[in-house]
Amino acid sequence: MTVITRFAPSPTGFLHIGGARTALFNWLYARHHGGTLRLRIEDTDRARSTEEAVQAILDGLTWLGLEWDDAPVRQYTRAERHTEIVRALLAEGKAYQCYCTPEELTAMREAARAAGKPTRYDGRWRDRDPSEAPPGAKPVIRFKAPQAGETTIDDRVQGAVRTANEQLDDMVLLRADGSPTYMLAVVVDDHDMGITHAIRGDDHLTNAFRQVQLFRACGWTPPVYAHIPLIHGADGAKLSKRHGAVALGAYRAMGVLPEAMRNYLLRLGWSHGDDEIISTAQAIEWFELDTIGRAPARFDPEKLLSLNSHYMREATDERLLEGIAPVLAEQGGRHLDEADLARLGRAMPGLKLRAKTLLEIIENAEFLFQTRPLVMSDKAARLLTPEAHEMLARLRAELDALEDWKASSLEDAIRRFSEQVGLKLGKIAQPLRAALTGSTVSPGIFDVLDALGRTECLARIDDALNVGTTE
RNA sequence: GACCCCUUCGUCUAGAGGUUAGGACACCACUCUUUCAAGGUGGAGACACGGGUUCAAUUCCCGUAGGGGUCACCA
């Protein structure tokens with residue numbers, strides 16, 4: 001059997017971490033089996049669906065590298081097909097018109113709840129003749145669900161889950177305005193799209209019972225279900241906006257690499273022994289539904305960032321450099337000119353070891369772009385003692401005489417100088433770092449010298465030497 | 001409230017009827033060292049509780065507690 005999975009988000013907001021993981025699992029499962037991943041935009045809620053959200057979802061998936069196969073299906077455009085199915089159900093007596101008012105329904109639920117019973121529609125229009133309908137009222141169409149027995153789902157993650165049919169009520173298929181509901185649309189679309197495996201959040205688990213019943217009523221076979229546990233926030237509740245950054249785009253914006261995000265999401269609820277760093281190729285090879293855990297996982301940004309610094313260290317300088325421009329643009333930060341980029345490129349090997357995100361690289365590279373004279377941090381200023389001034393003046397002369405301005409020769413020269421003047425390297429490097437970067441913290445001092453270039457370095461040293469002189 | 005699901009270090013997880021219960025992130029210490037990171041070494045840190053079953057249970061079963069999800073003319 002060819003595997004066909006699907007990712008079916010509703011475009012009512014941004015693609016968030018949880019949705020991204022669901023997409024990843026569907027993609028991985030399809031790729032593992034040489035199958036197909038289809039994308040369906042569940043936009044039957046016209047009021048809440050937006051084009052921006054559709055675009056954000058597409059962008060997010062593309063960024064993550066989860067390519068889908070076939071054009072995305074817009075659920076809304078299939079309304080005619082959905083109502084056609086309902087007409088057939090109606091004709092077969094498997095659905096019926098219901099004229100309950102919203103007030104009646106509310107009262108029904110409250111009464112049921114007060115009596116300690118499941119809050120469900122009581123089926124009062126199930127066998128009534130439409131001729132009893134209140135004049136002028138528009139009915140909804142409800143599914144005539146089985147009332148006895150039980151429905152079982154053989155879920156690939158949750159195992160066999162069963163529910164008594166009396167717990168389930170007659171769900172609405174068509175609204176009073178004739179538009180299809182989600183419950184109807186998913187079933188018809190999953191069938192029409194040939195979906196063999198529905199991998200989705202387990203917030204859909206209870207829906208699955210009703211959907212299975214509908215599948216059967218239509219004479220179709222439901223897909224294999226795999227309800228994966230939700231991702232929770234640090235407090236253990238379903239991930240939502242109040243947990244801070246939950247939009248995939250927020251992580252892209254701060255310069256998280258897609259492979260880091262993929263790796264992190266993969267390890268939430270799924271594992272392969274003790275493996276932590278897992279390439280996408282390996283993930284495709286190893287991924288199976290049976291190894292997905294059943295307990296919800298909490299989202300831990302620290303671990304994501306840790307994975308990201310790993311992948312940044314592995315990335316080429318060129319790739320990082322390219323990635324920085326969009327991050328800068330998104331942050332509305334400074335524009336880097338040719339010279340800035342050249343410096344950044346030279347400093348990249350040292351910078352990428354010291355940052356957890358691309359954004360952090362930029363922050364740590366600030367000293368490269370600063371215009372003279374530098375703003376000194378207090379700590380840095382304190383390093384520039386009279387002795388340091390004297391040392392820097394002598395060092396400046398040495399550097400000025402240096403022919404080959406590159407990290408290795410700079411290191412040789414400074415180490416030689418260190419022995420000459422009988423000072424430990426730290427006594428030289430720290431004041432020099434202060435003069436060059438205005439800070440006590442930076443990449444390796446030889447790399448800093450190299451990245452900045454001769455002219456700029458000498459000028460910055462001069463600036464430092466001039467501080468405190470009266471003129 | 002009804003129904004369903006879940007429970008191993010703080011977090012993500014591995015694990016087997018008999019293990020010193022393993023790894024990763026975070027944390028601490030040491031080390032390396034030109035700062036900060038990274039790296040290396042080491043440390044602290046968990047089987048929710050109560051009953052069974054069993055020679056043996058953290059692992060299987062049943063309860064309890066706690067957490068979560070779903071109960072729309074939203075998806």
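Convention: sequence-line order gives letters A, B, ...; per-chain numbering from 1.
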Problem set entry | Nearest-neighbour nucleotide for the A:K238 side chain, B:rA75, B:rG69, B:rC5 considered | B:rG69

For this session: Report which part of the nucleic acid A:Q167 touches: base, sugar-phosphate, or nothing (heavy-atom distance under 4.0 Å, all strands).
Result: sugar-phosphate

Seminar exercise, completed: When both distances are under 3.5 Å in a Watson-Crick or G-U wobble arrangement, the nucleotide paired with B:rA72 is none

Problem set entry | Separation between the P atoms of B:rG15 and B:rG23, rounded to whole Å | 15 Å

For this session: Output yes when at least one side-chain N/O atom of A:R109 is less than 4.0 Å from OP1 or OP2 of B:rA72, else no.
Result: yes

Exercise. Expressed in whole Å, how much space separates the C1' atoms belonging to B:rA65 and B:rA48?
Worked result: 8 Å

Exercise. Looking only at atom C1', what distance separates B:rG18 and B:rU59, rounded to whole Å?
Worked result: 11 Å

Problem set entry | Distance between C1' atoms of B:rC25 and B:rG17 (Å, rounded) | 31 Å

Exercise. How does protein contact run along nucleotides 60-67 of chain B, one letter per nucleotide 5' to 3', with B for base contact, S for sugar-phosphate only, - for none, heavy atoms under 4.0 Å?
Worked result: --------

Exercise. Taking OP1 and OP2 of B:rC71, is either one under 4.0 Å from a side-chain nitrogen or oxygen of A:R120?
Worked result: no

Exercise. To the nearest Å, how far apart are A:E276 CD and B:rU11 P?
Worked result: 16 Å

Problem set entry | Nearest-angstrom distance from the residue atom CD of A:Q211 to C1' of B:rA75 | 10 Å

For this session: Have a look at A:G269 and say if it touches a base, only the backbone sugar-phosphate, or nothing, with a 4.0 Å heavy-atom cut-off.
Result: sugar-phosphate

Problem set entry | Pairwise P distance, B:rU13 and B:rC6 [rounded to whole Å] | 14 Å

For this session: Both distances under 3.5 Å, Watson-Crick or G-U wobble: report the partner of B:rA24, or none.
Result: B:rU11

For this session: In whole angstrom, give the distance that lies between atom CZ of A:F209 and atom C1' of B:rC71.
Result: 13 Å

For this session: Check every strand shown and say whether A:R142 touches a base, only sugar-phosphate, or nothing at a heavy-atom separation below 4.0 Å.
Result: sugar-phosphate

Exercise. Partner of B:rC55 by Watson-Crick or G-U wobble geometry, both contacts under 3.5 Å, or none?
Worked result: B:rG18

For this session: Tell me what A:A176 touches on the nucleic acid: a base, only sugar-phosphate, or nothing, going by heavy atoms under 4.0 Å.
Result: base

Exercise. Looking at A:W125 versus A:Y99, is the centre-to-centre ring distance below 6.0 Å?
Worked result: yes

Exercise. Reckon A:L230 touches a base, only the sugar-phosphate, or nothing at all at heavy-atom distances under 4.0 Å?
Worked result: sugar-phosphate

Exercise. Nearest of B:rG69, B:rA72, B:rA75 to any side-chain atom of A:T206?
Worked result: B:rG69

Exercise. Is it the case that A:Q430 and A:R433 place a side-chain donor and acceptor less than 3.5 Å from each other?
Worked result: yes

Exercise. Is A:E84 atom CD crowded by more than 12 heavy atoms from other residues, nucleotides or ligands, each under 6.0 Å away?
Worked result: yes

Problem set entry | Touch class at under 4.0 angstrom, heavy-atom based, for A:T119 against every strand present | base

Problem set entry | Salt-bridge present (A:R109, A:E104; N to O < 4.0 Å) | no

Exercise. Do the rings of A:Y251 and A:F299 sit parallel, tilted or perpendicular, given the 30° and 60° boundaries?
Worked result: perpendicular

Problem set entry | Test: A:R128 and A:E132 ion pair at under 4.0 Å | yes

For this session: Would you mind classifying the nucleic acid contact of A:K424 as base, sugar-phosphate or nothing, using non-hydrogen atoms under 4.0 angstrom?
Result: nothing

Problem set entry | Passing option when A:Y264 is tested against A:L304, A:L305, A:V256 for side chain to side chain contact (heavy atoms under 4.5 Å, CB included) | A:L304

Exercise. From B:rC73, B:rA26, B:rA75, pick the nucleotide closest to the side chain of A:V172?
Worked result: B:rC73

For this session: Please report, rounded to the nearest Å, how far the P atom of B:rU13 is from the CD1 atom of A:I228.
Result: 12 Å

Problem set entry | Any donor-acceptor N/O pair, A:D202 side chain to A:H227 backbone, under 3.5 Å | no

Problem set entry | Side-chain N,O (A:S271) to OP1/OP2 (B:rA14) below 4.0 Å | yes

Exercise. Nearest of B:rC25, B:rU13, B:rA75 to any side-chain atom of A:R267?
Worked result: B:rU13

Problem set entry | Side-chain donor-acceptor pair present, A:N263, A:H310, cut-off under 3.5 Å | no

Exercise. To the side chain of A:R294, which of B:rC25, B:rC5, B:rA75 is closest?
Worked result: B:rC5

Exercise. When the nearest nucleotide of RNA chain B is assigned to A:V140 and to A:A115 on a heavy-atom basis, which residue is associated with the more 5' position?
Worked result: A:A115

Exercise. Donor-acceptor pair, A:N26 side chain versus A:R6 backbone, under 3.5 Å?
Worked result: yes

Problem set entry | Donor-acceptor pair present, A:D274 side chain and B:rG22 base, under 3.5 Å | yes

Exercise. If we take the C1' atom in both B:rC9 and B:rG50, what is their distance in whole Å?
Worked result: 23 Å

Problem set entry | Atom-pair distance (CD on A:E104; C1' on B:rA72), nearest Å | 16 Å

Exercise. For A:M183, which contact category applies under a 4.0 Å heavy-atom criterion: base, sugar-phosphate, or nothing?
Worked result: base

For this session: May I have the distance from A:Y96 (atom OH) to B:rC73 (atom P), rounded to whole angstrom?
Result: 12 Å

Seminar exercise, completed: Taken to the nearest whole Å, CD1/A:I278 to C1'/B:rA14 is 12 Å

Seminar exercise, completed: Expected string for nucleotides 27-38 of chain B under the B/S/- scheme (protein heavy atoms, under 4.0 Å, primed atoms plus P, OP1, OP2 as sugar-phosphate) is -------BBBSS

Seminar exercise, completed: Ranking A:A234 and A:G293 by the position along RNA chain B of their nearest nucleotide, the one closer to 5' is A:A234

For this session: Salt-bridge test for A:E387 and A:K427: reply yes if a basic N is under 4.0 Å from a carboxylate O, no otherwise.
Result: no

Exercise. Is it true that a side-chain atom of A:N364 and a backbone atom of A:L351 form a donor plus acceptor pair closer than 3.5 Å?
Worked result: no

Problem set entry | A:N207 (side chain) and B:rA75 (base): donor-acceptor pair under 3.5 Å | yes

Exercise. Has the side chain of A:R142 got a donor or acceptor atom that lies under 3.5 Å from a matching backbone atom of A:Y96?
Worked result: no

For this session: May I ask you to decide if the ring planes of A:F25 and A:F287 are parallel, tilted or perpendicular, using 30° and 60° as cut-offs?
Result: tilted

For this session: Quickly work out the A:R162 CZ to B:rU70 P distance and round it to whole Å.
Result: 23 Å

Problem set entry | Side-chain donor/acceptor contact of A:K303 with base of B:rA24 under 3.5 Å | yes

For this session: Could you work out the separation of B:rU8 and B:rG67 based on their C1' atoms and round it to a whole Å?
Result: 16 Å

Problem set entry | Base paired to B:rG63 (Watson-Crick or G-U; both N/O distances under 3.5 angstrom) | B:rC49

For this session: Answer with base, sugar-phosphate or nothing: what part of the nucleic acid does A:S439 contact at a heavy-atom distance below 4.0 Å?
Result: nothing

Problem set entry | C1' gap between B:rG10 and B:rC47, integer Å | 16 Å

